[in-house]
There are 2 protein chains.
Amino acid sequence: MTRVLLVEDDPALARALALTLRSRRYDVTVARDGGAALRDASSARPDVVVLDLGLPDVDGIEVIRSLRTWTQMPIIVLSARDGQRSKVAALDVGADDYVSKPFGIEELLARLRAATRRIAPENGESVVIAGDLVIDLAAARVSRSHVNIRLTPTEWHLLEVMVRRRGTLVTRADLLREVWGPAYEKQTNYLRVYLAQLRRKLEADPSSPRHLITEAGLGYRFEA
Amino acid sequence: MTRVLLVEDDPALARALALTLRSRRYDVTVARDGGAALRDASSARPDVVVLDLGLPDVDGIEVIRSLRTWTQMPIIVLSARDGQRSKVAALDVGADDYVSKPFGIEELLARLRAATRRIAPENGESVVIAGDLVIDLAAARVSRSHVNIRLTPTEWHLLEVMVRRRGTLVTRADLLREVWGPAYEKQTNYLRVYLAQLRRKLEADPSSPRHLITEAGLGYRFEA
DNA sequence: CTACAGCATCAAGAATCCGTCAAGGAACGA
DNA sequence: TCGTTCCTTGACGGATTCTTGATGCTGTAG
């Protein structure tokens, strides 16, 4: 289910939009101001952000800028202002799309579909095979020698990030940011603990891993 | 330079847009109808398509659909029709963005920037080949004669800086500043130690290096 | 021929990083 | 409510990496 973070200060509009989106099977979180938006973006880990530029506390442009310091998640901007200026500014600091009020709900839905479609085909093939491991990214399943393996949510999230970038180095900061959020970039001990757990579950010989490789001082790498 | 395929049947508008885009250092190809658009998209290999929906021969929606059968290049739709329907239809068959006429040129430029920013990280040609050395800057890997080589963080950082500026001299101060920080600009002995280590790991004959060249009195240079 | 400067090499102690274990606490479902 | 699962946190030994100083090499100038 696609997770949407809706940032909207007008309670009536927020309610209406959330209702419609939920009826289309989106998982919606609502934030009422910029502060809450930044907090929720890092805690709820949405797939897309729908952001109203007119917020009570901080400028919407600033919210976009803050988000873009640590994440590439798609941001769709809503705005009553019809001026070119805010439109250009929003897109330039990293927004992906812009919808002017008044807008039809169908247009917003179409843009949501377009935004999520863009992030979906990150790696086309969703089943990755590495030795006797089979990792299905779409279905969120892992098996070893045809036996299903249970992973906790955090374990899975970590594995997913590494597998999507298989073959390449993923820095510790990248992993921590992706899985735990930008506030945890320094908690490298989390990685130690979870990598050990993943290795115990996935590797034939956890003490000499063949897939979950440590790049000392830099980060980790998933090898197929 | 970013290549733009502009699909626009109105000659006046096409001229005006092409002129503006070229003044902003885009490489513009103009197609006057849907057929030409499809042909040019496959021959000119643009980075982005700007497509007017109102074409003389085929429906713009069909053009998008055809393009999407073989390419994921960003498509920005222009349209005089202000109806929700064509907007939704265009986005749903795979357009990335939609701009309603009349639009400001600044808005189009902003959307172009947003579209190219999305594809940018894919294009980074990051593999450098130097003799039997293969250096993948994105994946942070080095191999010699197809054998993987382990580098420590500092070794890698140093090599990365030199490879990114391959062929040109990199002064000692530049290297020290990049890798160890501005406070270490005088610690030239670090360079001696680490260059020796890199040569031992990367060069066939470390005592007569072919890639990691010393420029006496100045600095070092990476040769491919 | 000798002195010297600049660079290469080597080795060893210091600092940092990694894997592992275990325990306490939070969240969740029955 | 209770029990289970999952997440967080701290500690420790061992391995890796960084730093530092000493020593060797080479070409140039006096």
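All values below were derived from every heavy atom in this structure, side-chain atoms included, with hydrogens, water molecules and symmetry-related copies excluded. Below, chain A is the first sequence line, B the second, and so on; all start at residue 1.
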Whole-Å gap separating [atom2] ([N]) and [atom1] ([X]):
X         : N       : atom1 : atom2 : answer
Trp156(B) : dC17(C) : CH2   : P     : 20 Å
Leu212(A) : dT20(C) : CG    : P     : 12 Å
Glu215(A) : dC18(C) : CD    : P     : 11 Å
Tyr220(B) : dG6(C)  : OH    : P     : 13 Å
Leu176(B) : dT19(D) : CG    : P     : 11 Å
Arg199(B) : dC10(C) : CZ    : C1'   : 16 Å
Asn189(A) : dC17(C) : CG    : P     : 12 Å
Leu158(A) : dC6(D)  : CG    : P     : 15 Å

Check this one for me: any side-chain N or O of [X] less than 4.0 Å away from OP1 or OP2 of [N]?
X         : N       : value
Trp180(B) : dT19(D) : yes
Ser207(B) : dA8(C)  : no
Thr154(A) : dC7(D)  : yes
Thr188(B) : dG6(C)  : no
Arg200(A) : dT20(C) : no

Count the heavy atoms of every other residue, nucleotide or ligand shown that sit under 6.0 Å from CZ of Arg68(A), and state whether that count exceeds 12.
yes
Let me have a per-nucleotide readout for nucleotides 25-30 of chain C, 5' to 3', with B, S or -, counting only protein heavy atoms under 4.0 Å.
------
Applying ring-ring contact (aromatic ring centres under 6.0 Å, His included), can you list everything that pairs with Tyr194(B), at least two apart in sequence or on another chain?
Trp180(B)
Near DNA chain D, under 4.0 Å by heavy atom, which residues of residues 190-198 of chain B?
Tyr190(B), Val193(B), Tyr194(B)
Are [X] and [Y] side-chain neighbours, meaning at least one heavy-atom pair lies under 4.5 Å?
X         : Y         : value
Val170(B) : Glu178(B) : no
Leu212(B) : Phe222(B) : yes
Leu108(B) : Leu78(B)  : yes

Minimum heavy-atom separation for Leu38(A) to Ser66(A), with atom names?
CD2-CB, 3.6 Å
Tightest non-hydrogen contact, residues Glu155(B) and Thr152(B), listed as OE1-N, 2.9 Å
Is a side-chain donor or acceptor of Glu203(B) paired with a backbone partner of His211(B) at a separation under 3.5 angstrom?
yes
Could you please spell out the steps behind the side-chain contact (heavy atoms from CB on, under 4.5 Å) verdict for Ile135(A) and Trp156(A)?
CA-CA 10 Å; Ile135(A) 298 147; Trp156(A) 169 255; 4.0 Å; yes
